[in-house]
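Single-structure report; data block below.
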Protein chains: 2
Amino acid sequence: MPAKRSAASQSLRAAQMYYLQDLTMDAIARELRTSRSTVSRLLSAARESGLVQIQIRSPQDSAPELERALRSRFRVDVHVVPVLDTLNEAEVLERVCIQAARLISPLVDSSAVIGVAWGSTVSTLSRHLTRKITHGSTIVQLNGAGNTQTTGITYASEIMRRFGNAYEAKVEQFPVPAFFDHAETKTLMWDERSVRRILDLQARMTMAIFGVGSIDADIPSHVYSGGYLDETDLDSLSAGNVVGDVATVFFRANGSSDGIAMNLRSSGPDLDVLRTVRRRVCVVSGASKISGLRGALAAGLATDLILDETTARILVDPDTAGAAEFSTAEHRDYSS
Amino acid sequence: MPAKRSAASQSLRAAQMYYLQDLTMDAIARELRTSRSTVSRLLSAARESGLVQIQIRSPQDSAPELERALRSRFRVDVHVVPVLDTLNEAEVLERVCIQAARLISPLVDSSAVIGVAWGSTVSTLSRHLTRKITHGSTIVQLNGAGNTQTTGITYASEIMRRFGNAYEAKVEQFPVPAFFDHAETKTLMWDERSVRRILDLQARMTMAIFGVGSIDADIPSHVYSGGYLDETDLDSLSAGNVVGDVATVFFRANGSSDGIAMNLRSSGPDLDVLRTVRRRVCVVSGASKISGLRGALAAGLATDLILDETTARILVDPDTAGAAEFSTAEHRDYSS
DNA sequence: AACAGGTATGCACAAACGTGCAGAACGGAG
DNA sequence: CTCCGTTCTGCACGTTTGTGCATACCTGTT
């Protein structure tokens, strides 16, 4: 009686029988009069397309010590990604991002305006996004990606495209350099209507997704090595006690960012604007980002933090590692 | 570094790695320094304990024709359970209930007051409930289960116990007969403080879960054959044009229930009380319940309907089967 | 009608998984 | 310390699932 149906509809049936009725693929294949392999593929498609949603809800009491400590200390919703501390940086990044993608998915809803930064973390994240059907959502680029060697368009736009794809959202690029050479050029550009459109969109963000850069990382991140900043710039940053950045906007260890000259030339969002966004998801992988992360937390930039276990451990208890530079007491809370 | 941890915490870790990071059980076993079989069991435990939540979200456009038709026709949230129409009654019931249990789970939240009926459907359902951690929830029995042969306590309480177990909720039984012999006994009992406590709880229900009885079913349900009603009772029901019941409260094809004498002796909730409940989940399996179900829908008793595909087909298009008795036009909508 | 390019299907094999069973580890009670 | 009952663990086996490949099937084009 159930004759041929659309692929999506078949996927739905299969998914219901598999995940909701606990039938084996074999049994489902017989009911749908097809081969088991087809059912396997239908189920893949169902997961792939976001039809099947798998969530892990950790009740407070079984949430590990670590998450609770971070949650109460920094007032953010923390997700610690379990990893062995013997894995190499790339593997950890990969796994943090796979998990982050799944954790973000349920936070996205229709008519969302999602600000997205770029950088190796967000790029990796973008490659693992799980699809979710939403309507009328928009992805807006948080900061320009151009530098002296390239317009950065292809790199950043690839990231944006993946986000747009996963959530069926409109993509709004931000085709400006990451840093202007002259602050006044930025000021003028910021009055251009084409740019205003993006800035207005940013002001209406319901969600922002970003990593952090840390200036003293063993392997300094993209921004600090990739042709975005010259010697003079770097010097001015250290002179200003900058510890890191979010979307190419810099801050100090205590979270303050006033008077940092580079920010006047940066295309990234004013941190005060960023702080008005309801959900601000920060993804961090790797212990070398610790000081940048500390600054970002002190600045109250994140409402949700996803990070690997190793880094989380250092964050709560710097004594166990050599990365201790600031005590928590010094941190002033800049969150709204 | 991650030394020995509690079982729950290990389950959580494993679940995150398996469902969120897509590692194989083998890989997880190596990270947790245990055997693959243990990981398999940890994951079972995680699913079993409601830590892992699998949901299927069917976007409107891929929702099958059938669901959309029912949804708009009866103004309820419909979930059609796919089944082959060649399966026997028991198999269909089983599968509808397995799926219903999973569908109900996400609807339950903390501090809920859940009214539960009894009967073969709800009993089967109770055997397949998936655990979910909630706090301060209460399960309250909707109607008494005593009859001339038994107090029904063990049967009904077993159902209740399972619900309480799944949601870590307090269970409130209702130790009265399903039907009183005399309406005035009920009236008096309803003034007893022990009974009032239950009635008050029922008035505060946030959710109700029930099946339907249909008087003309080929295999009549429990209530119509199990020693609850005598010949006179049955005669009075047909004389009053009763088509079915929910929690031993009767109604007619058009949804009305005024002037049905049996209801004065029934321990079930006044339908007006039932209709005030936010979520009223009705589970139906088997085409023989069609007329009872039609009545219940006309009476606006359900906000959510879970039923098997075969029955759903007949419900939208009675012409394809021989069960057509009333056109939809005749139904008056008694929902609030 | 023939064809090309793409997609969907089933087979067969390999990988991943669940579970009964036997032994190890644990935790009181004597 | 020893005993016994319970729980936990890993192995081995059978089952279930993912996927490369060859084939069948579309769909639009010449």
Side-chain angles (χ1 to χ4, degrees), chain A residues 2-54 56 62 64 82 84 91 94-95 98-99 101-102 127-128 130-131 165, chain B residues 2-54 56 62 64 82 84 91 94-95 98-99 101-102 127-128 130-131 165:
Chain A
K4 280 189 187 170
R5 294 153 157 273
S6 78
S9 163
Q10 283 285 71
S11 283
L12 180 63
R13 275 178 84 86
Q16 288 184 106
M17 297 200 247
Y18 190 77
Y19 289 106
L20 263 26
Q21 295 180 22
D22 281 342
L23 300 184
T24 72
M25 294 187 182
D26 216 8
I28 297 170
R30 282 196 297 276
E31 298 217 357
L32 298 186
R33 293 162 199 286
T34 180
S35 74
R36 197 187 48 71
S37 11
T38 299
V39 174
S40 171
R41 283 187 268 253
L42 283 174
L43 291 174
S44 292
R47 285 189 298 266
E48 178 62 27
S49 68
L51 217 127
V52 176
Q53 213 100 8
I54 298 183
I56 303 222
S62 92
L84 275 190
E91 287 172 320
E94 197 76 9
R95 285 175 52 176
I98 295 181
Q99 184 157 340
R102 310 259 166 122
R127 260 182 287 111
H128 294 291
T130 58
R131 289 173 61 79
N165 222 46
Chain B
K4 280 187 186 169
R5 294 153 157 274
S6 79
S9 163
Q10 284 284 69
S11 282
L12 180 63
R13 275 177 83 86
Q16 288 184 106
M17 297 200 250
Y18 190 78
Y19 289 107
L20 262 26
Q21 294 181 21
D22 281 342
L23 300 185
T24 71
M25 295 186 181
D26 216 6
I28 297 170
R30 281 195 298 274
E31 300 219 356
L32 299 186
R33 293 161 200 285
T34 180
S35 73
R36 196 184 50 69
S37 12
T38 299
V39 174
S40 170
R41 284 186 269 254
L42 283 174
L43 290 173
S44 293
R47 286 190 298 265
E48 178 61 27
S49 68
L51 215 119
V52 176
Q53 211 101 6
I54 299 183
I56 304 221
S62 93
L84 274 189
E91 288 173 319
E94 196 75 7
R95 287 174 53 175
I98 295 180
Q99 183 156 341
R102 312 256 166 125
R127 262 182 286 112
H128 295 290
T130 57
R131 288 174 60 78
N165 221 46

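Just so it is clear, the model here is predicted, and its values are computed rather than measured. Lettering follows sequence order; numbering is per chain, from 1.
Distance CZ/B:R41 to CG/B:L43: 11.5 Å, rounded to 0.5 Å. Going from atom CD1 of A:I28 over to atom CZ of A:R36 covers 11.0 Å, rounded to the nearest 0.5 Å.
Contacts of A:R33 with the nucleic acid, taken as non-hydrogen atoms under 4.0 Å apart, are absent.
Paired with B:Q21 under the rule side chain to side chain donor-acceptor pair (under 3.5 Å), one option of A:Q99, A:H128, A:R102 passes, and it is A:Q99.
Checking the phosphate oxygens (OP1, OP2) of D:dT15, no side-chain nitrogen or oxygen of A:R36 falls inside 4.0 Å. Within the 4.0 Å cut-off from OP1 or OP2 of C:dG18, at least one side-chain nitrogen or oxygen of B:S40 is found. Distances shown here put a side-chain N or O of A:T34 below 4.0 Å from the OP1 or OP2 atom of C:dG10. Using a 4.0 Å cut-off, some side-chain N or O of B:Y18 falls inside it from OP1 or OP2 of C:dC17.
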Steps toward side chain to side chain contact (heavy atoms under 4.5 Å, CB included) verdict (B:E91, B:E94)
CA-CA 5 Å; B:E91 288 173 319; B:E94 196 75 7; 5.5 Å; no
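In this structure, the nucleotide among C:dT19, C:dT9, D:dT19 sitting nearest to the side chain of A:T38 is C:dT9.
A pairwise comparison of heavy atoms in A:I56 and B:Q16 identifies CD1-N, 3.8 Å as the closest pair. Contact between A:A101 and A:T130 at its shortest, heavy atoms only, is O-OG1, 4.2 Å.
Between the CD atom of B:E48 and the P atom of C:dG18 there is a distance of 14 Å, rounded to whole Å. Spacing between atom CZ of B:R41 and atom C1' of D:dC8 amounts to 8 Å, rounded to whole angstrom units. Between A:L43 atom CG and C:dC17 atom P the separation is 15 Å, expressed in whole Å. Distance, A:L42 CG to D:dT19 P: 14 Å, rounded to whole Å. Rounded to whole Å, the distance from CD on A:Q10 to C1' on C:dT9 is 13 Å.
Contacts between residues 19-29 of chain B and DNA chain C, defined by a heavy-atom separation under 4.0 Å, are made by B:T24, B:M25.
Judged purely by atom type and a 3.5 angstrom limit, B:S44 uses its side chain to pair as donor or acceptor with the backbone of B:S40.
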